[in-house]
J.: 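Just dropping this structure here.
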Amino acid sequence: QVQLVEYGGGLVQAGDSLRLSCLTSGRTFSFYAMGWFRQAPGKDREFVIATSWSGDTTYYADSVKGRFTISRDNVKNMVYLQMNSLKPEDTAVYYCAAAERVTTRVSGFDYWGQGTQVTVSS
């Protein structure tokens, strides 16, 4: 089992930056691919960004390419989502997730955090 806890969400203005953090515990963190997803009210959960266990493969949603980056610290068992140039359409609950292999599919991730709210005002 892997436990995930996200934090760092909040209310920001359009154009601002925000960094989300995800603390993991349980099975060896460094063995897992890590990803971030988001879900806006009334919409399905959607892929944002994901990276392999080594960090050498990263996938981005087109909507965040050039603005969001993912990083991981396999010593501290942490993964981060750096969000720059935020837009109102980025408003959603953001979820951290772990998978055996890096993928963009929601169904490909086995473990999920409880989510953290990000609200971007215009």
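Note that the numbering runs from 1 along the sequence shown for the chain. Side chains included, hydrogens not; waters and symmetry mates left out as well; all remaining heavy atoms used. Just so we're clear, the structure is a prediction, and the values are computed from it rather than from any experiment.
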J.: Identify every side-chain donor-acceptor pair in residues 2-10 under 3.5 Å, counting partners at least two apart or on other chains, and give the distances.
T.:
| from | atom 1 | to | atom 2 | distance (Å) |
| --- | --- | --- | --- | --- |
| Q3 | OE1 | S25 | OG | 3.3 |
| E6 | OE1 | Q114 | N | 3.1 |
| E6 | OE1 | Q114 | NE2 | 3.4 |
| E6 | OE1 | G115 | N | 2.9 |
| E6 | OE2 | C96 | N | 2.8 |
| E6 | OE2 | G115 | N | 3.3 |

J.: Mind telling me whether F37 and F47 have parallel, tilted or perpendicular rings, with 30° and 60° as the class edges?
T.: perpendicular
J.: Report all side-chain donor-acceptor pairs from residues 78-85 shorter than 3.5 Å, counting only partners two or more places apart or in another chain.
T.:
| from | atom 1 | to | atom 2 | distance (Å) |
| --- | --- | --- | --- | --- |
| Q82 | NE2 | N84 | OD1 | 2.9 |
| N84 | OD1 | S17 | OG | 2.9 |

J.: Would you check if the side chain of S52 reaches a backbone N or O of T57 as a donor-acceptor pair within less than 3.5 Å?
T.: yes
J.: Name all pairs fulfilling the salt bridge (Lys or Arg N to Asp or Glu O under 4.0 Å) condition that reach into residues 94-122, sequence neighbours left out, sorted by first residue then second.
T.: none
J.: Are any of the side-chain heavy atoms of L18 and L86 separated by less than 4.5 Å?
T.: yes
J.: Given W112 and V106, is the side-chain contact (heavy atoms from CB on, under 4.5 Å) satisfied, shown in steps?
T.: CA-CA 10 Å; W112 294 83; V106 171; 3.8 Å; yes
J.: What pairs meet the disulfide bond (SG atoms under 2.5 Å apart) rule with one or both residues in residues 35-76, with sequence neighbours excluded?
T.: none
J.: Any salt bridge (Lys or Arg N to Asp or Glu O under 4.0 Å) pairs touching residues 31-55, not counting sequence neighbours?
T.: R38-E46, R38-D90
J.: Say whether Y111 and Y59 are linked into one hydrophobic cluster, either directly or through other cluster members, by side-chain heavy-atom distances under 4.5 angstrom.
T.: no
J.: Where do A14 and S122 come nearest, in terms of heavy atoms and distance?
T.: CB-CA, 4.3 Å
J.: Minimum heavy-atom separation for F109 and T103, please, with both atom names.
T.: CE1-O, 3.3 Å
J.: Locate the shortest heavy-atom distance separating F68 from V48; write the atom from each residue and the value.
T.: CD2-CG1, 3.7 Å
J.: Indicate whether the side chain of T51 and that of T58 have a donor and an acceptor atom separated by less than 3.5 Å.
T.: yes
J.: As an exercise, state the distance from CD of Q13 to OG1 of T119, rounded to the nearest 0.5 Å.
T.: 12.5 Å
J.: Check for me, please, whether L23 and M34 land in the same ILVMFWY cluster - side-chain distances under 4.5 Å, paths through other members count.
T.: no
J.: If we only count heavy atoms from C-beta on, is the I70 to W36 side-chain gap below 4.5 Å?
T.: yes
J.: Quick one: CH2 on W53 to CZ on F31, what's the gap to the nearest 0.5 Å?
T.: 8.5 Å
J.: Looking at residues at least two apart in the chain, or sitting in another chain, which of them share a side chain to side chain donor-acceptor pair (under 3.5 Å) with T104?
T.: none
J.: Verify the distance criterion only: is there a donor paired with an acceptor across the side chains of E89 and T91 at less than 3.5 Å?
T.: no
J.: Give, for atom CZ of R72 and atom OG1 of T24, the distance between the pair rounded to the nearest 0.5 Å.
T.: 8.0 Å
